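Inspection log for the structure reproduced underneath, given as structure tokens.
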Amino acid sequence: MNKEALFKEIFQTNSKKIYHLCYGYTGDEDTANDLMQETFMKVWQNLDKFRNQALISTWIYRIAVNTCLSHLRVEKRHPKDELTENLIETKAEEISDKNEQVASLYKCIAQLEENERIIITMVLDEVPYTEIAMISGISEGNLRVKIHRIKQKLTELYNRNERF
Amino acid sequence: MKDFEALKSIWHDQVALPKVSHEDVLKKVGRVKGGLARRLLLEMLGMTIATAVLLWVWIASPFRMWTTHLAMLIFLACCVYYIIAIIENYRRITYDKLLDKPEEYIQYLKKYKQDRFIFNTRKYRIYSLFFTAGFILYFIEIAFLASLWVTVTGIIFTFLWIGLCYFVLMRIYIRREESKLEDMIRNLERLQKQFEEI
């Protein structure tokens with residue numbers, strides 16, 4: 001398989017999940033698209049080194065996580081909840097009930113710490129714990145405890161948010 | 001009241017899709033690579049033109065004193081040194097092979113910051129000294145050829161410019177670059193800590 005065909009296949013398999021990760025992290029559609037694009041540019045540039053890796057998705061996630069974290073390097077960002085609230089308010093009329101729930105979920109994710117946002121996005125996308133542990137560099141035992149806490153935190157935030 | 005499974009189901013119902021296709025990525029790869037190459041080429045071109053002009057002045061002008069020839073040699077050496085430094089620094093800041101190793105990347109940035117500081121202070125001081133020495137040697141012949149006021153005006157403006165670069169502009173530049181790099185490192189370290197063991 002040539003490089004372009006391989007890249008197309010990798011892109012199609014992983015782009016949605018990577019986009020969700022970037023969206024969950026930034027709470028902004030345009031920035032999420034930019035970060036996803038940057039991630040895949042790096043994937044393309046380093047593809048030759050990872051052609052025979054079994055867990056290419058882990059490697060892509062790792063790049064995406066670092067791209068998201070490094071995003072702070074280039075931009076002084078606004079407090080997350082303000083940003084997302086504005087976004088949700090502007091688009092409130094356009095979104096359906098279902099999308100409203102999704103928007104509300106993103107709003108709650110935005111209130112988590114940066115690392116929690118990344119971990120929970122992967123949990124929601126059903127990435128195996130072993131893989132999340134490898135991506136985040138946390139031991140599996142600690143990760144389980146951490147995930148449990150983040151799940152609780154997110155559920156509380158969502159339910160509190162829904163009441164108002 | 002919703003539990004986490006309900007949130008998961010909301011998550012999977014989302015229709016948010018990326019607006020970027022793999023073709024867009026490939027197009028951008030080409031653009032960025034081209035952009036980087038263009039920027040590097042421009043900087044290189046600017047310095048190469050300056051070096052060529054200097055060389056042409058040296059060859060075309062009938063300089064009689066050895067001091068002027070030495071000045072020209074110093075200027076050329078400074079230009080070549082500067083070109084090499086641009087290439088080296090640019091290559092280092094655009095290095096992204098440590099992207100999937102954040103800790104090593106932070107160390108890499110710290111080393112880069114330290115080297116940049118040495119480059120902007122100690123090495124720039126030596127660079128300025130050589131340039132100043134070059135101008136002093138150059139103005140010896142000018143003093144014999146031109147009128148006194150032309151020589152004095154030339155000397156005043158040249159050294160005012162060198163002084164302005166060294167004492168004002170360079171300090172602002174160093175402060176800005178330091179704070180930018182410090183910001184990058186601090187943010188990466190803060191985020192890295194969040195991933196450490198509980």
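Note that this is a predicted model, so its numbers are computed, not measured. Throughout, protein chains are lettered first and strands after them, A, B, ... in sequence-line order, and every chain is numbered starting at 1.
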Should A/T121 and B/W11 be marked as a side chain to side chain contact (heavy atoms under 4.5 Å, CB included) after you check the CA-CA gap, both sets of side-chain angles, and the distance that decides it? CA-CA 9 Å; A/T121 315; B/W11 180 263; 3.6 Å; yes
Could you check whether B/Y127 and B/F131 have their ring centres less than 6.0 Å apart?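 Under 6.0 Å, so yes.
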Which answer fits [X], side chain, backbone, both or neither, if we ask what part of it has an atom under 4.5 Å from a heavy atom of chain B?
| X | value |
| --- | --- |
| A/L105 | side chain |
| A/I109 | side chain |
| A/D125 | both |
| A/V43 | neither |
| A/I120 | side chain |

For the candidates A/I18, A/T155, A/N33, A/D30, which exhibits the highest count of non-hydrogen atom pairs separated by less than 4.5 Å from chain B?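 Among the listed options, the one with the most contacts to chain B is A/N33.
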B/K113 and B/E182: salt bridge (charged side-chain N to carboxylate O under 4.0 Å, His left out), yes or no, with the steps? CA-CA 8 Å; B/K113 184 178 160 247; B/E182 195 47 57; 2.8 Å; yes
Hey, are A/E4 and A/K8 close enough for a salt bridge, meaning a charged N less than 4.0 Å from a carboxylate O?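 No, no charged N to carboxylate O under 4.0 Å.
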Any salt bridge linking A/E126 with B/K8? Criterion: basic side-chain nitrogen under 4.0 Å from a carboxylate oxygen.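 Salt bridge flag = yes for B/K8 with A/E126.
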